[in-house]
Structure formats: C-alpha cells, structure tokens
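To start, the structure itself, in structure tokens.
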Amino acid sequence: MRSMNMGFLVSHGGSNMQAVVDACKQGTLNASPRVVISNNSGSMALQRARREGIPGYHLSAARFPDPVLLDEQIYSTLRRHDVDLVLLAGYMKRLGEQTMSGYEGSIMNIHPSLLPKFGGAGMYGGKVHEAVVAAGETVTGVTIHRVSGEYDTGEILAQCEVPVYPGDTADALGERVLKREHEFLVETLIAISEGRMG
Ligand code: GRF
C-alpha cells in the first residue's frame, strides 16, 4: 500500500479535487489531502479547500514574478506539507524545474480527452470539447498521465472512453466528461494506492 499524501494544483473550479477529497473522507480512497495550491486567488478551488479545512495557498506570478522563486515556493510548500503525490487538477500553468525534478514520477494530470488527441497548448476547458465536436468524433474520454515538461505529455497511466452523441454541444459533452472524470480519477487513485497501477 503506497503512502498517498496528496497535494493539489488547481486554477478554477476544483471539482475533480473535491471528488478526491470526498473519497478520502468517505474512506473509499486511502489518501490524505494535505495542501491546495492555486495560481488564482479567487478560484472556487481555494474556497473548497477553505471549506474542507485543507491548507490553501495562492502562489502565482502576480505574487512571485521571478519564475525561479515561484517554483521554489511551490516546491517548498508541497514538501512542508509532506506531499508525496501531486495532482494537477485543472492547473493552467507549467511547473518549474525544481518541482518537476523534486517530484519526478509523482506528478499526475487529468485531461478531458483521449490523449494524444485533443491535447497540448491551448487545449483546455471547453476548447477541448469544442474541438472534439467539430472533428465529428463519436468517442472521447478521460486521460490520467504522469506529467513531463510539456503540456499534456508524459506516460499515460489510465484512460476511459465517454461517448459523443449526435447533436452534442461542447457544453453537454463537457458536462458528461467531467462527471466521468470525477469517478475515474478516484478509481485510478484507488488502483495506485493499492499498488495495482502507477
Ligand atoms: C477538468 O476537465 C480537467 O480534466 C482539466 O481541467 C478541468 C478541471 O475541472 N484538466 P475542475 O476544476 O476539476 O472542476
């Protein structure tokens, strides 16, 4: 059984983070949410952290214009809270050298498509689902992968499919995918914690 002290990096809603926190509280996932870091001071994700009593930090380029210093802050905050698994759950920024190397192999990202399709710079939020609908795909999905230096790259740990229905709007599809993300993220983290994956 792997120790899972989790640190979350989030930019907006934080609904995936919430799904993981709920699973920890219910005891379905044997992990401990230690800290939430957001580049966005007004994010719903930080509000959720506050509500859950999880230490939350606003660490951004606005507060630390020097990227090296910002990276150092992020890394030291994760370490200070004994984090051993970092989850990027809707985090819109790239991580710096120190965090990437200090947590090599232990940083994961969730992406709302079947990577490598519909990933990379500029493919975030509703844009992913708009592109999937525009391309006429009949299936999309969710990818959980280890993070490497580039956006949406790194070893794929798990993927699941979500159907695209005829006449789907990007919004309708996005809602369906997000719902599946919540379940699939928890399922995948359970598998990792039990040593069946990762
Ligand atoms: C999710 O679709 C996730 O896959 C992507 O950003 C979105 C975050 O949603 N990386 P939320 O903040 O967890 O609600």
Side-chain angles (χ1 to χ4, degrees), residues 6-25 29 31 33-52 54 56-60 74 85-95 99-100 107-133 137 139-164 168-189 192 198:
M6 299 193 58
F8 299 88
L9 282 119
V10 286
S11 295
H12 299 295
S15 70
N16 276 291
M17 175 193 85
Q18 186 74 58
V20 175
V21 170
D22 290 347
C24 294
K25 288 201 300 195
L29 171 63
R34 290 299 171 112
V35 68
V36 176
I37 296 172
S38 182
N39 60 306
N40 177 358
S41 63
S43 62
M44 176 73 181
L46 277 181
Q47 286 180 36
R48 290 180 192 270
R50 225 165 289 135
R51 205 164 55 206
E52 296 292 344
I54 305 167
Y57 297 85
H58 169 222
L59 299 178
S60 69
I74 291 174
L85 181 67
V86 179
L87 182 69
L88 309 191
Y91 187 58
M92 304 302 289
K93 300 287 172 186
R94 208 176 288 200
L95 291 172
T99 307
M100 284 298 295
I107 308 176
M108 290 173 200
N109 181 45
I110 179 161
H111 184 81
S113 77
L114 293 173
L115 290 175
K117 282 178 140 185
F118 306 104
M123 276 292 173
Y124 58 86
K127 291 191 192 304
V128 177
H129 308 299
E130 277 164 25
V132 168
V133 168
E137 300 285 317
V139 175
T140 184
V142 181
T143 301
I144 295 170
H145 65 95
R146 263 192 250 281
V147 173
S148 69
E150 291 308 310
Y151 285 114
D152 302 328
T153 61
E155 181 197 356
I156 290 176
L157 294 167
Q159 286 185 309
C160 73
E161 294 187 347
V162 176
V164 183
D168 253 350
T169 59
D171 282 351
L173 179 61
E175 243 178 69
R176 189 177 315 123
V177 172
L178 188 61
K179 195 160 171 272
R180 187 70 187 107
E181 285 185 59
H182 298 159
E183 302 159 349
F184 190 60
L185 179 57
V186 170
E187 288 161 22
T188 302
L189 289 169
I192 291 170

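The shown structure was predicted, so the numbers you read here are calculated from the model rather than taken from an experiment. In each ligand, atom 1 is the first atom listed, and ligand 1 is the first ligand listed.
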>> Considering E181, H182, R48 one by one, which has a heavy atom nearer to atom 1 (C) of ligand 1 than any of the others?
In response: E181
> Charged N to carboxylate O under 4.0 angstrom, E181 versus R176?
Replying inline: no
>> Tell me whether E155 at atom CD has more than 12 heavy atoms from other residues, nucleotides or ligands lying less than 6.0 Å away.
In response: yes
>> How about OH on Y57, more than 12 heavy atoms from neighbouring residues, nucleotides or ligands closer than 6.0 Å, or not?
In response: yes
> Under 4.0 Å from any heavy atom of S15, which atoms of ligand 1 are there?
Replying inline: 11 (P), 12 (O), 13 (O), 14 (O)
> Hey, which atoms in ligand 1 end up nearer than 4.0 Å to a heavy atom of H111?
Replying inline: 4 (O)
> Roughly how far apart are S43 OG and Y91 OH, rounded to 0.5 Å?
Replying inline: 11.0 Å
> Should you measure from each heavy atom of G13, which atoms of ligand 1 turn up under 4.0 Å away?
Replying inline: 12 (O)
>> Among G90, A19, G126, which one puts a heavy atom closest to atom 6 (O) of ligand 1?
In response: G90
>> Students should be able to answer this: which protein heavy-atom is nearest to atom 12 (O) of ligand 1, and at what distance?
In response: G14 N, 2.7 Å
>> My understanding is that only one of I192, V86, L88, T188 makes a side-chain contact (heavy atoms from CB on, under 4.5 Å) with M108; could you say which?
In response: I192
> Can you tell which of I110, V10, N16 gets a heavy atom nearest to atom 5 (C) of ligand 1?
Replying inline: I110
> Under 3.5 Å, N or O to N or O, is L178 touching ligand 1 that way?
Replying inline: no
>> Under a 4.0 Å threshold between the charged nitrogen and the carboxylate oxygen, would K127 count as salt-bridged to E130?
In response: no
